[in-house]
Amino acid sequence: AGAAALGPLPLPCLLPLLLLLLPAASAEPQLRFRPPAEAPVRLFTEPELARYDGHQEGQPIYLAVKGVVFDVTSGKEFYGKGAPYNALVGKDSTRGVAKMSLDPADLTHDTTGLTEEELKSLDDIFNNVYKAKYPIVGYTSRRILNEDGSPNLDFKPEDQPHFSIKDEF
């Protein structure tokens, strides 16, 4: 009775209702076939990265090389809990990758003192293994930030055109 007392609705009010009732043939395929959004790329601090060390069931496994964080979950048999290369995950293991070493002293981002041959090996493995096989999920804060915490203006994302350092601050 309350709605009838208001009288008929004016046309501008009816238009949105009519549009909802009409079949949306042209809009429906766009919604149905929309490609999935790319996962966001993010900035990782050392404690955050450490959470993805392969020890928690159902959690992704992340490994950083040269400050680039890769999702190596698809290689769980190599990087998961108890796997041969599990020591590399949950941290930036650039030095270990360059030296092909699992020595805890080498499981660091620090490349100081590496030989030319080790640096070449690092680049080869970085490009031909990690970048070729595993998705990039982020960057270490060390790669993106200067020592004083300010943004590194020379930062260039690895094949991530949708990543914007501005989104991180």
Side-chain angles (χ1 to χ4, degrees), residues 30-169:
Q30 291 174 339
L31 294 175
R32 190 175 290 158
F33 300 110
R34 183 176 297 160
E38 290 199 33
V41 176
R42 57 182 267 227
L43 175 71
F44 287 88
T45 62
E46 287 181 32
E48 287 172 323
L49 188 56
R51 289 187 224 150
Y52 301 95
D53 64 358
H55 287 92
Q56 232 177 32
E57 196 60 40
Q59 187 86 311
I61 304 169
Y62 294 164
L63 161 71
V65 179
K66 295 173 65 172
V68 180
V69 182
F70 296 94
D71 182 340
V72 296
T73 309
S74 65
K76 191 174 186 172
E77 65 276 10
F78 302 108
Y79 300 103
K81 183 178 180 181
Y85 301 119
N86 178 255
L88 297 171
V89 300
K91 60 184 76 71
D92 188 326
S93 296
T94 301
R95 185 179 198 82
V97 169
K99 294 180 76 170
M100 295 186 186
S101 168
L102 296 176
D103 182 331
D106 289 329
L107 302 180
T108 177
H109 69 280
D110 189 7
T111 57
T112 307
L114 290 178
T115 66
E116 197 171 311
E117 187 177 310
E118 289 168 335
L119 291 170
K120 183 182 178 335
S121 174
L122 172 63
D123 285 341
D124 288 346
I125 294 168
F126 179 76
N127 290 312
N128 300 323
V129 176
Y130 292 108
K131 279 179 65 177
K133 277 178 106 169
Y134 300 108
I136 294 171
V137 292
Y139 298 92
T140 62
S141 54
R142 214 179 277 297
R143 169 128 181 198
I144 294 180
L145 303 175
N146 295 317
E147 290 293 320
D148 64 0
S150 64
N152 174 1
L153 301 178
D154 296 325
F155 169 75
K156 301 280 187 284
E158 294 287 331
D159 300 331
Q160 297 296 312
H162 59 281
F163 180 82
S164 170
I165 193 168
K166 288 182 225 153
D167 296 338
E168 297 296 334
F169 299 102

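For this chain, numbers begin at 1 and follow the sequence in order. Note: hydrogens, waters and symmetry copies are ignored here, and every other heavy atom, side chains too, is used.
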_Between NZ on residue Lys99 and OG1 on residue Thr111, distance to nearest 0.5 Å_ = 12.0 Å
*For Tyr79 and Asn86, what are the C-alpha separation, side-chain angles and deciding distance, and is it a side chain to side chain contact (heavy atoms under 4.5 Å, CB included)?*
CA-CA 4 Å; Tyr79 300 103; Asn86 178 255; 5.7 Å; no
_Smallest separation among heavy atoms of Ala64 and Thr140, with atom names_ = CB-CG2, 3.8 Å
*Contact check, side chains of Val137 and Phe44, non-hydrogen atoms, under 4.5 Å*: yes
*asked:* Is the ring pair Phe70/Tyr130 parallel, tilted or perpendicular, if the boundaries are 30 and 60 degrees?
replied: tilted
*Nearest non-hydrogen partners of Asp92 and Val65, listed with the distance*: OD1-CA, 4.0 Å
*Roughly how far apart are Lys81 NZ and Gln59 CD, rounded to 0.5 Å?*
13.5 Å
_As an exercise, state the distance from CD1 of Ile125 to NZ of Lys120, rounded to the nearest 0.5 Å._
10.5 Å
*Check: Asp148 main-chain N/O paired with Asn146 side-chain donor or acceptor under 3.5 Å*: no
*Check whether any side-chain heavy atom of Val69 lies under 4.5 Å from a side-chain heavy atom of Leu49, and answer yes or no.*
yes
*Flag yes if more than 12 heavy atoms outside Glu116 fall under 6.0 Å of its CD atom; otherwise flag no.*
no
*Of all heavy-atom pairs between Leu107 and Ser93, which one has the smallest distance, and what is that distance?*
CD2-OG, 4.2 Å
_Between CE on residue Met100 and CG on residue Leu122, distance to nearest 0.5 Å_ = 10.0 Å
*From Arg142 CZ over to Asp110 CG, what is the distance, rounded to the nearest 0.5 angstrom?*
8.5 Å
*Salt-bridge contact Lys66-Asp123 (side-chain N to carboxylate O under 4.0 Å)*: yes
*Test side-chain contact (heavy atoms from CB on, under 4.5 Å) applied to Ser74 - qualifying residues, sequence neighbours left out*: Tyr134
_Identified side chain to side chain contact (heavy atoms under 4.5 Å, CB included) partner of Leu88 from the options Asp53, Leu102, Thr94, Asp106_ = Leu102
*Are the side chain of Arg95 and the backbone of Leu114 linked by a donor-acceptor contact shorter than 3.5 Å?*
no
*Do Val72 and Tyr62 touch side chain to side chain, with heavy atoms closer than 4.5 Å?*
no
*Spell out, as yes or no, whether a donor-acceptor pair under 3.5 Å connects the side chain of Asn128 to the backbone of Asp124.*
yes
_Separation of Thr45 OG1 from Arg51 CZ (nearest 0.5 Å)_ = 7.0 Å
*So Arg143 and Asn152, side chain to side chain contact (heavy atoms under 4.5 Å, CB included) or not? Walk me through it.*
CA-CA 8 Å; Arg143 169 128 181 198; Asn152 174 1; over 6 Å; no
